[in-house]
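Notes follow once the structure below has been shown.
In what follows, chains are A, B, ... by sequence order, proteins preceding strands, each numbered from 1. Computed from a predicted model, the values in this text were never measured in an experiment.
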Protein chains: 2
Amino acid sequence: MASAQSNFDEILSRVRGAAKRVTVAKRRVAEVLIESGTDLTADEITQRVQGRSPDVSPSTVYRILEEFEALGIIVHAHLGRAAAVYHLAGTVHGHLVCEQCGATVEIPARDFDKLSRSLASSYGFVLDRHHVALSGICVVCRAASSPNPAT
Amino acid sequence: MASAQSNFDEILSRVRGAAKRVTVAKRRVAEVLIESGTDLTADEITQRVQGRSPDVSPSTVYRILEEFEALGIIVHAHLGRAAAVYHLAGTVHGHLVCEQCGATVEIPARDFDKLSRSLASSYGFVLDRHHVALSGICVVCRAASSPNPAT
DNA sequence: TTAGATGCAAAGACTTTGCGCACTT
DNA sequence: AAGTGCGCAAAGTCTTTGCATCTAA
């Protein structure tokens, strides 16, 4: 398990390796991504970055996220109609999104192993397990909303 | 397998049953959804509707789609960053979306049966199989882009 | 020095909403 | 006749882009 510091260095190293420049804004975005264990929207990232460097604009954050993703540092996923979420590429996982309460649960990528193999053999489709977002009803809402489960 | 006509009648019947009115625009949207075997975006639906009734506005189409969905007539899914797609609730299926070429493949819901059971027992999460959209690389792009698969 | 990165603001894509008139029932 | 549904246009989200300026290397 990599430390926050080594993660940070690794990110900056990749940026330099791509002949890109290391800027204050990029350091901030990297910090925020590393410190947050969970997925963040671009807006959340922007707000946290601005907590330390108020002058960083949303458009810059989008540009940095795009660059980081191109460098394989982060990945994003679309969890329904709302904004996309971003997280470090290292933490590969899928998402369960509750259609009722909007809660999201992160689940290990290995839960998709079987499905992944099945899709590959049936359709030749290689599943991107970073990017999986599944809709449904979570335990809580299920208990609350269906006292008598439909026949 | 229901005929187009019976599908159409069924839809109008549900609309009436909900004390909603049957209008020209609703008939057109129903026709388009029935005639198209595949998923359509709101914009595609609007264009096809306007092919016959040019005065129907996009906002009306959105309102009708919302109503139809509330009545269980159709379902929608989000296939990545682009617009949502809609289709009749009868044709339950999941989607494979290619990250490179954008192609989407519809696959039967039963492909998710195993995964669905597994998620239910592990997380108490009831998967909505209408709404599944998986990202990855399709056969074509895979063949084209990776002559030598990475180690 | 100098080309990439940024801030600001405007534009874009998709969707929702307000308002007064038309059409369904 | 009564009230839902509609067209039009404006507003709302989320994201991208243009441009002049600033800054990392």
- Note on the structure: One would report the end-axis bend of the helix from C:dT1-D:dA25 to C:dT25-D:dA1, five pairs per end and rounded to 10 degrees, as 30°
- Classify the side chain of A:R63 and the base of C:dG4 as holding, or not holding, a donor-acceptor pair under 3.5 Å. no
- Enumerate the residue pairs fulfilling ring-ring contact (aromatic ring centres under 6.0 Å, His included) with a member in residues 30-73 of chain B, sequence neighbours excluded, ordered by first and then second residue. none
- Would a 4.5 Å heavy-atom cut-off, applied to side chains only, mark B:Y123 and A:V139 as touching? no
- Task: Output the residues of residues 47-56 of chain B in contact with DNA chain D, where contact means a heavy atom of the residue under 4.0 Å from an atom of the strand; sort by number or write none.
- Result: B:D55, B:V56
- Query: According to a strict under-4.0 Å criterion, is A:Y62 in side-chain N/O contact with OP1 or OP2 of D:dT16?
  - Reply: no
- Atom NE2 of A:H76 to atom P of D:dT15: distance rounded to whole Å? 9 Å
- d(CD, B:E66; C1', D:dC6) in whole Å: 15 Å
- Message: Going by the rule side chain to side chain contact (heavy atoms under 4.5 Å, CB included), which residues pair with A:R48 if we only count those two or more places apart in sequence or in a different chain?
- Response: A:V32, A:S36, A:L40
- Message: Can you pull out every ring-ring contact (aromatic ring centres under 6.0 Å, His included) where at least one residue sits in residues 84-105 of chain A? Sequence neighbours excluded, please.
- Response: A:H76-A:Y86, A:H87-A:H93, A:H93-A:H95
- Message: Check the phosphate of D:dC6 against B:T60, side-chain N and O only, distance under 4.0 Å to OP1 or OP2. Yes or no?
- Response: no
- Who are the salt bridge (Lys or Arg N to Asp or Glu O under 4.0 Å) partners of A:E35, not counting sequence neighbours? A:R52
- Task: Tell me what A:A19 touches on the nucleic acid: a base, only sugar-phosphate, or nothing, going by heavy atoms under 4.0 Å.
- Result: nothing
- Item | B:E67 CD - C:dT17 P separation (whole Å) | 15 Å
- Note on the structure: The salt bridge (Lys or Arg N to Asp or Glu O under 4.0 Å) partners of A:E106 (sequence neighbours excluded) come to none
- Roughly how many Å is it from CZ in A:R28 to P in C:dT6, rounded to a whole number? 13 Å
- Item | Euclidean distance, atom CG of residue A:L65 to atom C1' of C:dT6 [Å, nearest integer] | 15 Å
- Task: Starting from the 5' end of DNA chain C, give me the residue, B:T41 or A:A25, whose nearest nucleotide shows up first.
- Result: A:A25
- Sequence neighbours excluded, which residues qualify as side chain to side chain contact (heavy atoms under 4.5 Å, CB included) partners of A:D113? A:R110, A:R117, A:R129
- Whether B:S118 side chain and B:K114 backbone form a donor-acceptor pair below 3.5 Å: no
- Rounded interatomic separation in angstrom, taking CD from A:E44 and C1' from D:dT13: 15 Å
- Message: Going by the rule side chain to side chain contact (heavy atoms under 4.5 Å, CB included), which residues pair with B:D43 if we only count those two or more places apart in sequence or in a different chain?
- Response: B:T41, B:Q47
- Name all residues meeting the side chain to side chain donor-acceptor pair (under 3.5 Å) criterion together with B:S57; count only those two or more places apart in sequence or in a different chain, and write none if there are none. B:S59, B:T60
- Going 5' to 3' through nucleotides 20-25 of chain D, assign each nucleotide B (protein heavy atom under 4.0 Å from a base atom), S (under 4.0 Å only from sugar-phosphate atoms) or - (no protein heavy atom that close). ---BBS
- Query: B:D43 has an atom CG; how far is it from atom C1' of C:dA13, in whole Å?
  - Reply: 10 Å
- Query: Which atoms form the tightest heavy-atom contact between A:S53 and A:R28, and what is the distance?
  - Reply: OG-NE, 2.9 Å
- Here the distance between atom P of D:dT13 and atom NE2 of B:H78, to the nearest Å, is 17 Å
- Message: Restricting to side chain to side chain contact (heavy atoms under 4.5 Å, CB included), what partner residues turn up for B:E67, sequence neighbours left out?
- Response: B:V15, B:K20, B:K26, B:L71
- Query: Ignoring hydrogens and angles, are the base of D:dC8 and the side chain of B:S59 linked by a donor-acceptor pair under 3.5 Å?
  - Reply: yes
